[in-house]
Amino acid sequence: MAIAKKNDWLVGLIISILLTVFVNFSLLMRLYEYSSKVGIDPFRPPVNSYYLYFSLGWFFLFAFILFILTLQWCRLGDQLFKRNEYKVVLFVIGVSALCAFLLLQLYPVLQETFMEHVVQTEGQIKPSGGMKPDGNFGRGGPSKKPMWEMPDSPIPFIKAMSPHPFSRPLVTEHLFVLITIILIISLMRLLYDRQQMLLEFEKLKTEKLKTFYNALMGQINPHFFFNSLNGLNSLIRGDEKKKTLAYLDGLSNVFRYILQSNKKELVTLEEELQFVKAYTYLLSVRYEGKLFFFVQSDTRYLLWQLPILSILPLIENAVKHNVISKQYPLEVNIYTTEDHMLVVSNKVQPKVEKSVSSGIGLKNLWGRYRMLTGKDIYISNRKDYFKVSLSLINASV
């Protein structure tokens, strides 16, 4: 059985204690009633009550040993039967029942040894004529004379337990312990398997989101590289040396930031906005007098974090799906809000010939946000404006 080994001993101890108290509950109540009636210390009762002490110790050991053995049989059964549930359950029940039967054979031997030791050390129980308590002193068959009627012993409150291992009450108690342990371990198995399924599900989700992330990185570099070379080509053809040099500086900064994205996951808003400044400069050169960016950020949010390259796909999305011309210039607004959100919005100016949109950019951004921050992105697609809101993460919390 695939059950974690870390807390086996602790769980076994707790279950063994509870079963021991439950099985011996009637004897414990009789101890309490007798102590109250006679006025003795319940923690120092008459010698014959050592039968109760033996019963407590025996059932604790029986339950604990059986618990550990049953766990091991479950794990062995999983290996032997390749987690075939029915075969594993039958195997565990059969082998655990055999172990319980063998342990039960030790009961009379240990009880007699224990009581002989008590007689020798305490010197208060003196059976006459070699008489042994082989009859019914609460759990067994008849006897000639019960110990609590012996003249040389004090008046005990508990009847001695029969050492016979097959007396009906004794077998019933041990059978109850066996069944309870098997049921508890079966429940542990179900809970553990459920936990493993949840972990596997989360692992698959994470792997899927990582695939989205890698796909996004694979899209950004070639797509951005192609557009950047087109812009550089137009500047060279126009023989504008100063703009060309400034463009190359901005391009190197942008590429450096993109290359760092393979090593970083979260960056500060300040870093992301510096990248946006360099990137929007490249676009403003390409769409001179047609494309405008307005960035407003509250300084208190500059050290808050967000996934790297979160704004880039939103800017590319605005450029790709809207008309950009002298007659219809496009404005893109980037700003923070009081509820610690970063918003990227633009006026909707749909192209006459609508470009085919797969939506993979926004899907990948949503996937990265879920994977890295556990939060969603919020998209508002109205008739006049398209707006995407990103949650900022307070790194100091």
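It should be emphasised that the depicted structure is a prediction, and the values quoted were computed from it without experimental measurement. Excluded from the calculations below are hydrogen atoms, water molecules and symmetry mates; all remaining heavy atoms, backbone and side chain alike, are included.
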Taking 4.0 angstrom as the limit, do [X] and [Y] come out as a salt bridge?
{"X": "E331", "Y": "K290", "value": "no"}
{"X": "D384", "Y": "K347", "value": "no"}
{"X": "R300", "Y": "D298", "value": "yes"}

| Should the pair W9 and F64 be assigned to parallel (<30°), tilted (30 to 60°) or perpendicular (>60°) ring geometry? |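 Rings of W9 and F64: tilted, 30 to 60°.
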
| Parallel, tilted or perpendicular: rings of H174 and W58 (30°, 60°) |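 Aromatic pair W58/H174 classed tilted.
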
| field | Separation of F67 CZ from I184 CD1 (nearest 0.5 Å) | value |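 That separation rounds to 7.5 Å.
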
| message | Taking side chain to side chain donor-acceptor pair (under 3.5 Å) as the definition, give me every residue that meets it alongside W304, ordered by chain and number, with sequence neighbours left out. | response | none

For the pair [X] (side chain) and [Y] (backbone), establish whether a donor and an acceptor sit closer than 3.5 Å, ignoring hydrogens and angles.
{"X": "T113", "Y": "V109", "result": "yes"}
{"X": "T20", "Y": "F60", "result": "yes"}
{"X": "N322", "Y": "Q349", "result": "yes"}

| task | Give me the one residue out of I393, L303, V276, T336 that meets side chain to side chain contact (heavy atoms under 4.5 Å, CB included) with L269. | result | T336

| said: Side chains of E272 and Y257 only: does a donor on one sit below 3.5 Å from an acceptor on the other? | reply: yes

